Amino acid sequence: MKKALVIQLARFGDIIQTKRLILTLLGRYDEVHLAVDSSLVPLARLVYPQLCVHGLAAHRGAGSPAEVFAASRMLFGRLASERFDAVYNLNFSRLNFSLSALFDADSVRGYAMRSGQPEVPLWARLAFRWTRKRRIAPLNLVDFWAYFARNPVCAGEVNPVAARGGGGIGVVLAGRDSRRSLPPAVLAACVQAVFEGTGGPAITLLGTAAEKTLARQLMRHFSGPMVERTVTLAGKTGYTDLAEVVGTLDTLITPDTGTMHLAAHLGTPVQAFFLSSAWCFETGPYGMGHRVWQGLVQCSPCEENRPCPVSVACLAPFADKRFLQVLAGKAAEAYPEHLSGLVSMFDAVGVTYLPVFGEDMAAPERRELRRLVAEHVCPETANAGAGLIGLSAMQDMTLQDSLGRFLFSESDWMLDAAGRDFPDVADVPGFC
């Protein structure tokens, strides 16, 4: 019996963003296991009922050091005894590197320990390089993780095409970082625009118990008809309840959150607001039929752990009356500056976002970098010049050369750890 293990020790949204890789492995192995933080085991089992899920004490709050050590020691022993044919280790962390030492280094795809030394594969090194210029980031995180396996399943097979469920509007109150979320007054105006543009459906507020106050603040800005149609579920839903509610909605209004990825997984249409450090080209909703509103100022996307020197200027377009007209489905005389409206779709590499309005000055560089990445993961399709949105037959050779030197290094072709990189381009027959 062939068995594979995926080690995904990040958070809520990351569990769901591993879906393309997991679906690929389910088609190739008799048994697939998934290791996640203990707090996310119920979510993982809900999203992936076909998998054997293991819980690790990876995040804070898992108990005393002695309790964590005892529980981890038992689990490590079980994992080491499973004799996996392949281990997909997806996170760059000390714990992930330590876990990889439980297995034969030749079976590990991703971050590994070899002869006591950490080993980062070429595919991950390429990603580290392009994240130095996040504005031209070429790949969604779902696709990045998927390409740790050779020739992953088609992007269109990952999530259902988004379709209304009849349950009205869902509103995610906030994300983990307040700067990436709309303040109550701005969010309320956006919700009202969608409410009026869709005929006044029911509104469901979603969030944690800590966001109950935020729900009350939001509703103070609602009109009377909106208040009458609103139900607050902040702090009242576990993962199963949340999935049941989100799966029935007509649309989910949300910042970049795990609930957004859950909606995409379920085929619920998303209207996502991305600003500050949130960048849709990295972590936007995956699948067909979603809309993204991306704040674009000169410093976008920023680093969330640094103070904003421009008073979150990327927030201003979301309060613009012209934007609210667009949300309400009305024709606007002009679109607000520093905002791009995009729709999700697919090309030869995976999911991408097609601009409907607004200007993204970085788009040419992003498209070229995406083409270079495509040559690495699906060379036949990329070399044919097919399927990559916006690419013309004649490429700007100067741009191509500069981005090629930015993405690749001579050391990538030396016969060292890079020679064991996964995926092996020579074995990739092309993208479905």
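These numbers come from a predicted model, not from an experiment. Residue numbers count from 1 along this sequence.
For Gln294 (side chain) and Ala278 (main-chain N/O), a donor-acceptor pair under 3.5 Å exists by modelled atom type. Listed for the Glu359 side chain is no donor-acceptor partner under 3.5 Å among the backbone atoms of Met361. Under a 3.5 Å cut-off, the side chain of Arg83 and the backbone N or O of Ala80 do not form any donor-acceptor pair. For Tyr111 (side chain) and Ala124 (main-chain N/O), no donor-acceptor pair under 3.5 Å exists by modelled atom type. Remark: the backbone N or O of Ala58 is paired with a side-chain donor or acceptor of Asp37 at under 3.5 angstrom. Using modelled atom types, one side-chain atom of Asp143 and one backbone atom of Val351 make a donor-acceptor pair closer than 3.5 Å. Formation of a donor-acceptor pair under 3.5 Å by the Thr248 side chain with backbone atoms of Gly167 is not found in this model. One N or O on the side chain of Arg135 and one on the backbone of Ser300 form a donor-acceptor pair closer than 3.5 Å. Judged by distance alone, with hydrogens and angles left aside, the side-chain atoms of Tyr286 form no donor-acceptor pair with the main-chain N or O of Leu141 at under 3.5 Å. Side-chain N or O atoms of Ser344 include one that pairs as donor or acceptor with a backbone N or O of His290 at under 3.5 Å.
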When you look at Phe406 and Arg132, which way does the side-chain contact (heavy atoms from CB on, under 4.5 Å) test go after all the steps?
-> CA-CA 10 Å; Phe406 162 69; Arg132 294 200 297 265; 4.2 Å; yes
Where do Met345 and Met288 land on the side-chain contact (heavy atoms from CB on, under 4.5 Å) test, with the steps shown first?
-> CA-CA 5 Å; Met345 59 186 305; Met288 292 286 287; 3.9 Å; yes
Any chance you could lay out the side-chain contact (heavy atoms from CB on, under 4.5 Å) test for Phe274 and Tyr353, step after step, and finish with the verdict?
-> CA-CA 13 Å; Phe274 274 64; Tyr353 303 91; over 6 Å; no
Determine, stepwise, if the pair Leu99 / Leu9 fulfils side-chain contact (heavy atoms from CB on, under 4.5 Å).
-> CA-CA 11 Å; Leu99 277 171; Leu9 301 183; 3.8 Å; yes
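Put simply, the side chain of Phe103 reaches to within 4.5 Å of the side chain of Leu79, judged on heavy atoms. The side-chain heavy atoms of Cys280 and Leu342, taken from C-beta on, include a pair separated by under 4.5 Å. Contact check for Val194 versus Gln271: side-chain heavy atoms found under the 4.5 Å cut-off. Residues Lys19 and Asn159 form a side-chain contact, since some pair of their non-hydrogen atoms from C-beta on lies under 4.5 Å apart. In this structure the side chain of Leu327 reaches within 4.5 angstrom of the side chain of Trp293, judged on heavy atoms. Contact check for Val41 versus Val36: side-chain heavy atoms found under the 4.5 Å cut-off. Leu90 has its side chain within reach of Phe148: a pair of non-hydrogen atoms, C-beta onward, lies under 4.5 Å apart. When side chains are defined from C-beta on, Gln8 does not count as touching Ile22, because their heavy atoms never get closer than 4.5 Å.
A cation-pi arrangement is absent between Arg129 and Phe408 under the rule of less than 6.0 angstrom and at most 45 degrees off the ring axis. A cation-pi arrangement is present between Arg366 and Phe281, with the terminal nitrogen or guanidinium carbon under 6.0 Å from the aromatic centre and inside a 45° cone about the axis.
Side-chain atoms of Asn96 and Ser93 form a donor-acceptor pair, as typed in the model, at a separation below 3.5 Å. Side-chain atoms of Ser81 and Arg78 include no donor-acceptor pair closer than 3.5 Å. Between the side chains of Asp256 and Thr283, at least one donor-acceptor pair of N or O atoms lies under 3.5 Å.
Evaluation of the ring-ring contact (aromatic ring centres under 6.0 Å, His included) rule for His338 yields no partner, not counting sequence neighbours.
Legend: salt bridge (charged side-chain N to carboxylate O under 4.0 Å, His left out) pairs involving residues 306-318, not counting sequence neighbours, sorted by first then second residue: Glu303-Arg306.
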Using residues 230-238 as the side-chain source, report each donor-acceptor pair under 3.5 Å to any protein atom, sequence neighbours left out, with the distance given to one decimal.
from   : atom 1 : to     : atom 2 : distance (Å)
Thr230 : OG1    : Met226 : O      : 2.6
Lys236 : NZ     : Thr232 : O      : 3.4

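Residue Ser98 holds its OG atom at 10.0 Å from CG of Asn89, rounded to the nearest 0.5 Å. We find the NE2-NE2 distance between His54 and His33 to be 5.0 Å, quoted to the nearest 0.5 Å. Leu275 CG to Phe318 CZ: the interatomic distance, rounded to the nearest 0.5 Å, is 5.0 Å. Atoms CG and CG, on Leu173 and Leu206 in that order, are 7.0 Å from each other to the nearest 0.5 Å.
Aromatic ring centres of Tyr239 and Phe12 lie closer together than 6.0 Å.
Ring planes of Trp123 and His376: parallel class, angle under 30° (limits at 30 and 60°). Ring geometry, Phe92 versus Phe97: the interplanar angle exceeds 60°, so the pair is classed perpendicular (tilted spans 30 to 60°).
Atom CZ of Arg291 has 12 or fewer heavy atoms from other residues, nucleotides or ligands within 6.0 Å.
Screening Arg180, Arg134, Arg179 for a side-chain hydrogen bond (donor to acceptor under 3.5 Å, both in side chains) with Ser277, the sole residue that qualifies is Arg180.
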